[in-house]
Amino acid sequence: MFQTQKIPSTLLKIIAYQIHLPSNHKSIQKIEADIAKSISGYYGEKSIAYYINSIVNKNFEPVQNIYLNIYGRFFEIDALLVNDKFLLITEVKNHRDVVTIDHELGVMVQQGRRGEKTYQDPILQAEKQAQLLDMWLKNNGYDIPIEILAVFTNQNVVVKRPENGKLDSRIIYGYKLNQKYEEISKKYTNHPVLNDRYELINKILDDTRLFNKSLLKNYNLKMNDFMPGVTCPNCDRIGMVREKHKWRCLGCHHTDKYAHIRALKEYFLIFGPEITNKKAREWLGIESRYVAKYLLQQIAHKQVGKGRQTVYILNFDLQKDFNYLLEYNKKQYIEKLAL
Ligand SMILES: [Zn+2]
């Protein structure tokens, strides 16, 4: 079954990076572009799950949120269907309104209420992914054909071609996914079968995990690039100050009893689950060992070691505890549109 609603951990991590990096940091533009891409991928996946689950012939395994690296070059695939004989990259498009795709120019133009917006031709995009995936496969000893589809999933979209232009037949509405999948399958009826597709899937997932682990390195980030501080839940300004039993924002004067939890969640995403009293004081911007100890003991999942060597282990649920980051991102996006 194709899983819906799964928030990619990479997305949460890079939103936490964005919050705690100075706005003039050299990697911030790349991070913001990747957040936008990942967000649209996330909502796109939610929207394609229905169509993937409606494919009648279930002789494939769906794999989501793939990040791979070939010769130092990273690429991302939102949804890949792994059949015994071929792989199918589905480039999901969740755009609404009128979308015109011009393969000659390599662009997709969306005409919406806010005017025109130009994107890359989804076929070009998927073909590039296919090319990189093919290199990755060969490098790992696999030789298996790759098919691509660009799938429009929004109920409120009309896809058009330019006058005198043709629309690539691999661009489809979600409704057609089942039929298209059948067509592609037929093409490969007599094609040799992959020995063990689960071995391939595991290899893909292993490399994706590796990407997640070295995320800081991939963005060229060092520990001391990050600005410590408790973020104000009201105005998102960083650096709330600790008063007796609560936090106060120096910007909007909002007070909050639990703002440190958010800060520790972000610490967890950026640096991992282990934290010491000293690190917590630096991150939260407090001086008292005792306050830090009190706060950590309330939140930490467990503690290891004794005295000054105590390490607290944070444990948050990626699927449940971080919705505020998606909300934060939405707010940022709306503010940008308003500018
Ligand atoms: Zn504030």
Side-chain angles (χ1 to χ4, degrees), residues 7 9-36 38-39 42 216 219 221-273 275-300 312 314-339:
I7 309 170
S9 62
T10 319
L11 171 60
L12 297 174
K13 284 182 188 175
I14 56 181
I15 296 176
Y17 292 177
Q18 185 202 22
I19 292 175
H20 287 276
L21 284 172
S23 56
N24 60 356
H25 190 279
K26 59 185 186 320
S27 297
I28 205 78
Q29 277 187 327
K30 167 98 179 94
I31 288 172
E32 283 176 356
D34 286 353
I35 291 173
S38 182
I39 282 271
Y42 169 58
L216 287 175
Y219 284 107
L221 298 173
K222 286 186 259 356
M223 298 295 190
N224 55 12
D225 284 341
F226 293 98
M227 305 181 292
V230 174
T231 327
C232 170
N234 186 47
C235 72
D236 296 319
R237 187 179 184 275
I238 217 167
M240 291 183 100
V241 291
R242 181 77 184 170
E243 291 178 351
K244 231 180 171 35
H245 306 301
K246 61 174 190 276
W247 299 90
R248 177 181 297 279
C249 173
L250 297 178
C252 73
H253 305 293
H254 178 77
T255 59
D256 193 297
K257 263 183 99 160
Y258 303 105
H260 57 282
I261 299 179
R262 243 176 89 150
L264 290 172
K265 285 181 184 177
E266 286 148 23
Y267 183 97
F268 171 83
L269 288 175
I270 299 170
F271 303 109
I275 190 167
T276 58
N277 188 299
K278 182 166 179 279
K279 283 206 172 126
R281 275 180 282 147
E282 284 167 11
W283 189 249
L284 300 174
I286 50 179
E287 276 165 26
S288 162
R289 266 196 83 77
Y290 302 101
V291 174
K293 185 176 174 184
Y294 170 74
L295 296 176
L296 284 171
Q297 281 182 336
Q298 279 189 322
I299 289 159
Y312 297 84
L314 303 169
N315 184 24
F316 296 108
D317 184 336
L318 290 171
Q319 297 309 313
K320 286 190 193 137
D321 293 333
F322 292 94
N323 276 312
Y324 80 93
L325 285 178
L326 298 180
E327 289 303 317
Y328 164 84
N329 186 264
K330 215 184 269 171
K331 221 160 87 185
Q332 294 271 307
Y333 178 73
I334 291 167
E335 273 166 21
K336 250 185 210 160
L337 280 182
L339 284 179

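All ligand and atom numbering here is 1-based and tracks the order in the structure.
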What salt bridge (Lys or Arg N to Asp or Glu O under 4.0 Å) pairs are there with at least one residue in residues 319-332, not counting sequence neighbours?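 Those involving residues 319-332 are D236-K331, D317-K320, E327-K330.
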Is the ring pair H20/W283 parallel, tilted or perpendicular, if the boundaries are 30 and 60 degrees? tilted
Where does the angle between the aromatic ring planes of Y17 and F226 fall among parallel (under 30°), tilted (30 to 60°) and perpendicular (over 60°)?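 Ring orientation, 0 to 90° scale: tilted.
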With the side chain counted from C-beta on, respond yes when R242 and L295 share a heavy-atom pair under 4.5 Å apart, and no when they do not.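 The answer is yes, as the side chains (C-beta and beyond) meet within the 4.5 Å cut-off.
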If you stand at the Zn ion (ligand 1) and look out to SG of C235 and SG of C249, what angle do those two lines make, to 10°?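 Angle SG(C235)-the Zn ion (ligand 1)-SG(C249): 110°, rounded to 10°.
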Contact flag H253/the Zn ion (ligand 1), N/O/S atoms, threshold under 2.8 Å: no
Is any N, O or S atom of H254 under 2.8 Å away from the Zn ion (ligand 1)? no
